[in-house]
There are 2 protein chains.
Amino acid sequence: MPHKMTMQEIARLAGVSLATVSRAIHSPGLLRAPTRQRVLQVMAEHRYVYNAAAGDLSRQRSTVIGLTVPTTQNPIFATSTLAIEERAQEKGFSIILGNTRYNPDTERQLLQGFLERRVAGIILTGYAFQQEDIVREIVASGIPCLVIWEQLADDALDYVGFDNREAARAMTDYLIALGHRRIGLIIGPYSRIGRVQKRFDGYRQALQGHGLALDPDLVIENAPVLEDGREAMGRLMSLPEPPTAVFAASDLLAIGALRATKEMGLRVPQDVSLAGFDDIDFAAYCDPPLTTMRVPSHDIGQLAATVLMETIETGQPQRRRYSLNTDLIMRASCAAPRA
Amino acid sequence: MPHKMTMQEIARLAGVSLATVSRAIHSPGLLRAPTRQRVLQVMAEHRYVYNAAAGDLSRQRSTVIGLTVPTTQNPIFATSTLAIEERAQEKGFSIILGNTRYNPDTERQLLQGFLERRVAGIILTGYAFQQEDIVREIVASGIPCLVIWEQLADDALDYVGFDNREAARAMTDYLIALGHRRIGLIIGPYSRIGRVQKRFDGYRQALQGHGLALDPDLVIENAPVLEDGREAMGRLMSLPEPPTAVFAASDLLAIGALRATKEMGLRVPQDVSLAGFDDIDFAAYCDPPLTTMRVPSHDIGQLAATVLMETIETGQPQRRRYSLNTDLIMRASCAAPRA
DNA sequence: TTATGGAATGAAAGCGATTACATCATGCGG
DNA sequence: CCGCATGATGTAATCGCTTTCATTCCATAA
């Protein structure tokens with residue numbers, strides 16, 4: 001471990017004051033060329049590494065952004081996360097990442113950590129009702145904060161999202177238009193998660209709009225992972241009167257469901273139609289390729305990061321709320337029901 | 001924005017000294033109950049939030065760990081990342097995540113950032129030859145550093161990995177044992193990435209060990225993404241004399257390749273066997289389920305985090321190097337070649 | 001030659017904590 | 001009733017940098 005270098009030390013070695021060293025780094029234009037060069041030279045010779053932590057404290061600002069995400073295990077969140085990180089990196093911000101694993105306590109702990117670390121801004125992937133209080137505290141603290149992946153009614157919070165309800169309704173409408181009347185729904189924990197609840201609403205509204213009754217047996221709520229999709233599909237198709245189409249409100253669930261059909265000897269879409277939601281990369285590589293609702297997850301991340309950093313830099317707490325579009329991607333997993 | 005609270009301010013309001021407030025937070029046992037309670041009460045009333053940045057500077061330590069990863073877009077890295085983050089969180093460490101996107105400049109920039117931020121430790125997912133110098137600087141700086149996903153010859157660096165060469169050789173051996181003689185290889189950028197190079201070596205050694213010649217036409221190097229796997233497989237199977245089995249050295253490539261077979265009307269494994277590497281969750285959900293080499297990515301992450309934090313806490317720079325086992329997971333995508 | 005004003009540099013007060021050390025009560029044994 | 005060990009609290013230096021303000025330097029114009 002080399003003797004630790006500080007600006008003070010560099011200053012001494014270069015025969016200048018501490019302030020001059022700081023200037024050599026941040027505003028070299030203020031220094032006469034020879035002075036600057038001497039300082040830089042000494043820094044290089046002694047492998048001086050700037051201490052950003054000290055700098056941030058002194059400057060009373062920070063260049064890290066806190067990001068919570070349910071789990072980067074789900075490729076769809078991995079995509080927005082990557083976009084955020086990419087954009088942040090370009091602007092010299094770092095990302096502290098926290099996976100909530102859908103656990104409110106974990107999330108609360110992460111947010112508390114962000115507050116204590118005095119992050120410059122926060123992006124929440126999804127809004128969980130359970131910690132309204134902390135979120136309010138964040139807003140109150142003045143730290144710019146953005147929720148992504150959903151639209152919020154709450155006026156105090158900004159977001160970059162899309163209309164989950166409308167998207168789910170559109171997909172359900174599509175299945176109905178194909179002629180389906182019994183449409184199953186495999187969906188994440190909608191009682192706890194805003195965006196999932198919206199999707200459920202969309203499904204319900206679509207049925208209702210076409211005078212179809214909502215059969216509770218056709219709705220399965222579980223965790224958004226492959227295995228649960230498979231299991232749910234198994235149950236759905238074992239029903240005395242199975243659905244002719246199934247809408248899985250997340251591609252992970254859909255891909256799991258697809259596997260179940262294979263295991264049961266069912267053909268998609270001949271025996272049952274299957275639709276997903278998200279359009280993760282794998283969706284196009286399934287067999288058959290999955291019809292799904294494309295969510296602009298890369299754009300969400302990119303826009304969110306851009307907007308957040310702008311807010312940070314201008315210091316303007318103005319409302320920023322963006323809704324992006326989703327696209328129904330028709331591939332081969334849906335068709336009209338058999339006659 | 002509430003008037004910002006500092007320990008000093010709390011001290012004043014509680015009628016005690018700054019030091020007492022600090023103690024109320026970190027070593028409450030040192031205070032008399034009434035004193036402690038008064039302080040805690042004042043903190044609660046004024047919503048005081050501890051400033052970890054200042055604390056870290058003063059204490060000359062930090063509780064953040066820097067983590068670089070090629071891209072969390074690849075589920076296999078997402079898994080180890082998640083495990084690391086989970087473990088770190090338990091111990092009160094935060095993770096600064098950086099995606100290198102396989103770009104040496106990006107990686108260098110990230111590492112420089114870690115150094116400047118005085119992170120407590122660093123985990124590198126993979127070792128790229130291109131920035132040996134920075135890595136040396138890290139080691140020299142005394143910051144505990146760990147490479148994951150590979151084994152290193154370099155004595156200066158610790159790792160938690162597995163034997164990429166042996167794993168690739170085992171898979172190739174398996175295909176040979178099934179009776180294949182023309183075995184294609186679809187593999188990531190092995191000229192630049194250590195672990196990928198090892199896999200290539202394993203493939204080559206297996207062929208060699210069985211007296212089979214390495215046909216360069218059968219080896220395709222590309223980026224480890226679905227689309228490139230698809231494209232590569234298309235090329236391989238269009239060869240005048242196509243392989244009877246293909247080893248894709250990453251599941252992403254394998255799943256892409258699987259799609260290509262569907263599009264070409266080829267059946268797996270009847271017309272061609274296909275093997276992957278990693279065992280991402282999706283591998284078991286493919287059609288047919290993918291035979292692949294399971295890499296203990298969750299364990300790697302968990303162990304790496306544990307080891308790193310231990311090193312941080314003890315301050316012992318002792319060598320820590322762990323190799324975990326891989327498992328050949330036989331599913332339905334490989335079979336003997338047709339007679 | 002002497003003001004004069006801008007450019008270059010230095011001095012020093014923070015930023016918000018931690019912590020070694022000093023101080024001041026207490027309660028106990030003698 | 002005194003001395004002293006112990007426990008509770010306060011004092012103040014420090015961490016490494018930023019930044020305001022003051023100072024010095026020098027070239028230019030009068």
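In what follows, chains are A, B, ... by sequence order, proteins preceding strands, each numbered from 1.
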Gap between atoms CZ and C1', on B/R12 and D/dG10 respectively (whole Å): 17 Å

Footprint string (nucleotides 15-21 of chain D, 5' to 3'): B base within contact, S backbone only, - free, heavy atoms under 4.0 Å: BBBBBB-

Trace of the salt bridge (charged side-chain N to carboxylate O under 4.0 Å, His left out) decision for A/R319 with A/D155: CA-CA 9 Å; A/R319 293 284 68 104; A/D155 204 54; 6.0 Å; no

Test salt bridge (Lys or Arg N to Asp or Glu O under 4.0 Å) applied to B/E116 - qualifying residues, sequence neighbours left out: none

B/L30 CG - C/dT19 P separation (whole Å): 12 Å

Results of side chain to side chain contact (heavy atoms under 4.5 Å, CB included) for B/R12 - residues two or more places apart only: B/E9

Any A/S17 side-chain nitrogen or oxygen under 4.0 Å from OP1 or OP2 of C/dA11: no

Residue list, side chain to side chain contact (heavy atoms under 4.5 Å, CB included) with A/T79, at least two apart or on another chain: A/S297, A/H298, B/Q73

Length of the line joining A/R38:CZ and C/dT9:C1', which is rounded to integer Å: 11 Å

Could you run down the sub-3.5 Å N/O contacts of the protein with nucleotides 23-28 of chain D?
none

Touch class at under 4.0 angstrom, heavy-atom based, for B/V21 against every strand present: nothing

Of all pairs that satisfy ring pair (Phe, Tyr, Trp, His ring centres under 6.0 Å), the ones with a partner from residues 137-158 of chain A, not counting sequence neighbours: A/F77-A/W149, A/W149-A/F162

Partner set under side chain to side chain contact (heavy atoms under 4.5 Å, CB included) for B/P28, not counting sequence neighbours: B/R36

End-to-end axis angle, where each axis spans five pairs of the helix from C/dT1-D/dA30 to C/dG30-D/dC1, to 10°: 60°

Test applied, side-chain contact (heavy atoms from CB on, under 4.5 Å); reference residue, B/F93; option that passes from B/I84, B/I312, B/V64: B/I312

Listed once per pair and sorted, the salt bridge (charged side-chain N to carboxylate O under 4.0 Å, His left out) pairs that draw on residues 134-147 of chain B, sequence neighbours left out: B/E132-B/R136, B/R136-B/D154

With A/Q89 via side-chain hydrogen bond (donor to acceptor under 3.5 Å, both in side chains) - residues at least two apart: none

Sequence neighbours excluded - ring pair (Phe, Tyr, Trp, His ring centres under 6.0 Å) pairs with any residue from residues 101-123 of chain A: none

Residues in side chain to side chain contact (heavy atoms under 4.5 Å, CB included) contact with A/I25, at least two apart in sequence or another chain: A/M7, A/M43, A/Y48, A/Y50

